[in-house]
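In what follows, a structure is listed as C-alpha cells, so that the remarks can point back to it.
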Amino acid sequence: MLRITDAGTGEPTDVRPGLTRVHAHVARADTSALRVLLVADVLARALELGGTPVVMVADPPAELRARADALGIRRAETDALGGGQILHVLGPEDPVADGIRVEVAPASGPAESAESAESAESSSAVRLALLAHPRSGPVDLDSGALTEAQETLARWRKTVALWANHPSKPIPEHVRQELRTAWEDDLDILAVLDVLRRLEGADDVPDGARFESYAYADRLLGLELTREIGAWA
C-alpha cells in the first residue's frame, strides 16, 4: 500500500484502496507547474500499479498542456467532482481545502521558456532530470543536469534493447520488492532509480531478468526505456 506524507499534517498517511482522484493544481505554464503535473502523473501510475483505480484531475493552460504532452504526462479531466478520495498535488504556496496534500517544490531552468518546445529526446531528459530530485527540494534544470539525464537515457535504452535479445526471465523477487518498497514509501523515485543503477551492473542477474525489471519499473517512470528494442542486434 502506498504511504504518502501529507504536507498538511506532516504525517505519513496510507492511501486506502478505492477510487482515487489525483488533483494537480496548476494555474501557470512554468516549469514548477510542469513538475506538479509530472508528480501527479507518477503518483497515479504508482496507485494503478497497486491496483487502485485513479482519475487524474487538472485544468492546465494550453501552453502547459502542450509541454506536459511532450513529457508523456497523461491527459486529465478538468472536473474535480465525483466520488472517491482526493490527493491534492500542488506547490507549497497553493491553497487547498480538504484532502491529503502532496507538495512539490519549485523548478526552473532552460526548459522554463515554453517558446522553445522540447524535442522528444530533450523532453525525456527533462522528465528524468525532474524525477531524479526529491519533490520536496527545488530543482534547477541547468545544462549539466539535462546532459546527464540524456546520457543516462541513451545508455539505458541501448542496454535494455540489448537485454531484449536474450531469453526472457522473471523479475527476481528481491528486485520487485525493492522497487515496490521504494515507490510505496512516499513515492521515493530516487530509490527506484538507485535500484535500476545497481541492477545495471548486476552481472549475477540474467539479462532477460534485467530487461523485465527495467520494463516493469518504466511503468512507473514513463521514460520509454524499451523504445529502442530491435535497433541493436
Side-chain angles (χ1 to χ4, degrees), residues 2 4-8 13 15-108 111-114 117-118 120 122-136 139 141 183-184 186-189 192 217-224:
L2 178 66
I4 203 81
T5 299
D6 182 354
T13 303
V15 182
R16 65 183 185 275
L19 176 63
T20 301
R21 293 180 175 270
V22 176
H23 188 174
H25 295 258
V26 288
R28 303 179 304 276
D30 58 12
T31 303
S32 292
L34 184 67
R35 191 184 191 193
V36 168
L37 281 179
L38 177 58
V39 170
D41 177 66
V42 176
L43 176 58
R45 288 168 179 259
L47 289 167
E48 288 172 341
L49 282 166
T52 295
V54 176
V55 175
M56 186 163 158
V57 181
D59 190 14
E63 188 178 4
L64 179 60
R65 181 64 263 170
R67 299 183 68 196
D69 287 344
L71 264 64
I73 295 171
R74 69 179 65 192
R75 291 258 172 173
E77 295 186 7
T78 58
D79 188 353
L81 299 177
Q85 62 191 328
I86 300 179
L87 303 181
H88 297 279
V89 185
L90 68 176
E93 304 302 324
D94 294 332
V96 70
D98 297 331
I100 299 172
R101 296 169 55 103
V102 181
E103 285 191 358
V104 182
S108 61
E112 188 73 52
S113 173
E118 293 95 349
S122 61
S123 293
S124 295
V126 169
R127 185 175 178 110
L128 176 56
L130 288 173
L131 291 177
H133 292 80
R135 67 174 184 275
S136 59
V139 175
L141 297 182
W183 74 60
E184 289 180 351
D186 203 24
L187 202 65
D188 190 349
I189 303 305
V192 172
D218 201 40
R219 293 171 60 188
L220 175 82
L221 300 173
L223 296 171
E224 297 184 312

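Note that the structure is a prediction, hence the values are computed from the model and not measured.
- In this structure a side-chain-to-backbone donor-acceptor pair under 3.5 Å is missing from R21 to V55.
- V22 pairs in a side-chain contact (heavy atoms from CB on, under 4.5 Å) with only one of the listed residues (V42, L47, I86), which is L47.
- Within the 4.5 Å cutoff, the side chain of T78 has no heavy atoms near those of the V57 side chain.
- No donor-acceptor distance shorter than 3.5 angstrom exists from the side chain of D41 to the backbone of I73, with no hydrogens or angles considered.
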Q.
Checking R35 against T31 for the side chain to side chain contact (heavy atoms under 4.5 Å, CB included) test, could you report, in this order, the C-alpha distance in whole Å, the side-chain angles of both residues, the deciding distance, and whether it holds?
A. CA-CA 6 Å; R35 191 184 191 193; T31 303; 5.6 Å; no
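- What you find for A58 and L37 is that their closest heavy atoms are CB-CD2, 3.9 Å.
- In this structure, CD on E224 lies 8.0 Å from CG on D218, to the nearest 0.5 angstrom.
- The two residues A33 and V26 come nearest to each other via the heavy atoms O-CG1, 3.5 Å.
- Rounding to the nearest 0.5 Å gives a distance of 9.0 Å between CG of L34 and CG of D30.
- A distance-only check finds no donor-acceptor pair linking the side chain of D186 to the backbone of I4 [under 3.5 Å].
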Q: Walk me through it: do T5 and I100 pass the test side chain to side chain contact (heavy atoms under 4.5 Å, CB included)?
A: CA-CA 8 Å; T5 299; I100 299 172; over 6 Å; no
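- For the pair T20 (side chain) and G18 (backbone), a donor-acceptor distance under 3.5 Å is present.
- Q85 and R16 share a side-chain donor-acceptor pair at under 3.5 Å.
- Between the R127 side chain and the G222 main chain, a donor and an acceptor come within less than 3.5 Å of each other.
- Taking each heavy atom of A107 and S32 in turn, the nearest pair found is N-OG, 2.9 Å.
- No side-chain donor-acceptor contact under 3.5 Å links R45 to the backbone of L221.
- Summarising the geometry of A46 relative to L187, their closest heavy-atom pair is CB-CD1, 3.7 Å, with the distance given to 0.1 Å.
- Residues L131 and I189 approach most closely at O-CG2, 3.7 Å, considering heavy atoms.
- Here the side chains of D69 and R75 are in contact, with some heavy-atom distance below 4.5 Å.
- A pairwise comparison of heavy atoms in L220 and W183 identifies CD2-CE3, 3.5 Å as the closest pair.
- E77 CD to M56 CE: the interatomic distance, rounded to the nearest 0.5 Å, is 11.0 Å.
- The backbone N or O of R101 sits less than 3.5 Å from a side-chain atom of D6, completing a donor-acceptor pair.
- Contacts classified as salt bridge (charged side-chain N to carboxylate O under 4.0 Å, His left out) and involving residues 48-58 (residues at least two apart or in different chains) are given here: E48-R74.
- The side-chain heavy atoms of H25 and V36, taken from C-beta on, include no pair separated by under 4.5 Å.
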